[in-house]
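Chain naming here is simple, since letters A, B, ... match the order of the sequence lines and numbering starts at 1 in each.
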2 protein chains.
Amino acid sequence: MTTRHSRDDVVATALDLLDEHGLADLTMRRLAAALDVQASALYWHVPNKQSLLALVADRILERARPVEHDLDWPERVRAESGALRDALLAYRDGAEVVSSTIALGLGASAAWVRLLEATATSDATVDERELAASVLLEFIVGHVFREQQQSHADALGAAAPDRALDRDPDGGRVFSFGVDLIVDGFRARVGARA
Amino acid sequence: MTTRHSRDDVVATALDLLDEHGLADLTMRRLAAALDVQASALYWHVPNKQSLLALVADRILERARPVEHDLDWPERVRAESGALRDALLAYRDGAEVVSSTIALGLGASAAWVRLLEATATSDATVDERELAASVLLEFIVGHVFREQQQSHADALGAAAPDRALDRDPDGGRVFSFGVDLIVDGFRARVGARA
């Protein structure tokens, strides 16, 4: 290759390919072709595909819009949850990439930390705040994973015309209701002790 | 083939293959070989792989242990959630099979109906109960999906030794805390109006 690509270029190109072709078709071979290098040259930047996906997951989450820090904690949790949902929705298969990165322990901790910090002004213990951040993150990722599976099925015309659970075409009502229940449950728990 | 297989045999064998080899390796070709028939014979029972997976998802959920109906609704929600989690955990890739079936609208509605019925004695509206059932189902499936991704990564030795989010090795604490928050949030919402 005539110019050396930076790791940033590699991750940016991987994100473009993900968005265009989906996770199943994001291969090291295809990424190398898009960068006009040999596949072996990629390993100078990332040891394997899972590490590449972890960098892509971090990039997706970095693009989540910032949220004001001086909101009351329930508002801040709702705002952070919405920002993370939108970030995952912004890229095809975003939830699956982030979910597998979390499962492998390779990254995506920025999202968890944002959710943890969102409850900093509550009266909860650190343990409760950590558990709540994990619950919120699992709900957000799980919710968007289903939204993206549905979009994909719809795009292929593969979905059944009469979906028993399809009472929420844009996914927004179930999402807001879920975040509200978790926030209210957390408030009840903290309030009961105060 | 000398004996005709029933649809039940086909689904039972598919479930065995899923548990043994995982979703990625559950192909119509492999299923046909396990049943000692031509792949074309399978299409007499199921029109395509997604329909097969929907039947497998229903079978997984049918095996969820029954829960007493005369519990108070919060206890019943906790018991149903635990029974569904255990049912998904009982088969390799169970959460992914159920998740994609739900996304495609092809089945798995039994789980949603159980969660809906669990709140029958609460003072919530049907709309609130339907939304809460969807929230619970997304949390349960999303949670087990991550548990199973982690087990798979651990089995392959692919997980990072230092997982930022791995404060819950058996997954049980985050799960219970999440169901409790959702139940408490639902109770706060219903109670505020009563």
Side-chain angles (χ1 to χ4, degrees), chain A residues 48 50 54 95 99-100 102-109 112-113 127-128 130-143 145-153 158-168 173-189 192, chain B residues 48 50 54 99-100 102-109 112-113 127-128 130-143 145-153 158-168 173-189 191-192:
Chain A
N48 52 48
Q50 275 303 333
S99 176
S100 68
I102 291 172
L104 292 171
L106 293 171
S109 54
W112 187 79
V113 170
D127 185 54
E128 286 171 333
E130 289 183 349
L131 285 168
S134 296
V135 168
L136 282 162
L137 187 56
E138 288 189 353
F139 177 68
I140 296 164
V141 173
H143 181 89
F145 184 64
R146 184 156 86 81
E147 285 186 273
Q148 291 184 318
Q149 280 185 311
Q150 273 183 355
S151 312
H152 189 58
D162 174 28
R163 287 198 283 223
L165 303 187
D166 192 7
R167 290 145 203 263
D168 188 25
R173 276 194 84 209
V174 170
F175 185 78
S176 303
F177 197 80
V179 173
D180 282 351
L181 290 185
I182 293 168
V183 166
D184 291 347
F186 196 69
R187 183 174 11 220
R189 171 173 292 254
Chain B
N48 52 49
Q50 276 303 333
S99 176
S100 69
I102 292 172
L104 291 170
L106 293 172
S109 53
W112 186 80
V113 170
D127 185 55
E128 287 170 331
E130 288 184 349
L131 286 168
S134 297
V135 168
L136 282 162
L137 187 56
E138 289 190 354
F139 175 68
I140 295 163
V141 173
H143 181 88
F145 184 64
R146 183 156 86 80
E147 285 186 273
Q148 291 184 319
Q149 281 184 310
Q150 274 184 354
S151 313
H152 189 57
D162 174 31
R163 288 196 282 221
L165 302 187
D166 192 7
R167 290 147 202 262
D168 188 24
R173 276 194 84 207
V174 169
F175 185 77
S176 302
F177 197 81
V179 173
D180 282 350
L181 289 184
I182 293 168
V183 166
D184 291 347
F186 196 68
R187 182 174 10 221
R189 170 173 294 253

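- When each of B/Asp180, B/Leu181, B/Val174 is paired with B/Phe177, the side-chain contact (heavy atoms from CB on, under 4.5 Å) condition holds for B/Leu181 and for no other.
- A/Asn48 does not touch chain B: none of its heavy atoms, backbone or side chain, sits under 4.5 Å away.
- Residues A/Asp127 and B/Arg173 form a side-chain contact, since some pair of their non-hydrogen atoms from C-beta on lies under 4.5 Å apart.
- Note on A/Ser100, A/Gly185, A/Ala95: by heavy-atom pairs under 4.5 Å with chain B, the leading option is A/Gly185.
- Considering all non-hydrogen atoms of both residues, B/Phe139 and A/Glu138 come closest at CE1-OE1, 3.8 Å.
- To the nearest 0.5 Å, the span separating CD1 on B/Ile140 from OG on B/Ser99 amounts to 12.5 Å.
- Both the backbone and the side chain of B/Ala132 come within contact range of chain A, judged by heavy atoms closer than 4.5 Å.
- Relative orientation of the B/Phe175 and B/His143 rings is tilted, given thresholds of 30° and 60° on the angle between their planes.
- Contact count against chain B (heavy-atom pairs under 4.5 Å) is highest for A/Ile182 among A/Val141, A/Val179, A/Ile182.
- Interface remark: A/Phe145 contributes side-chain atoms only to the contact with chain B (heavy atom separation under 4.5 Å).
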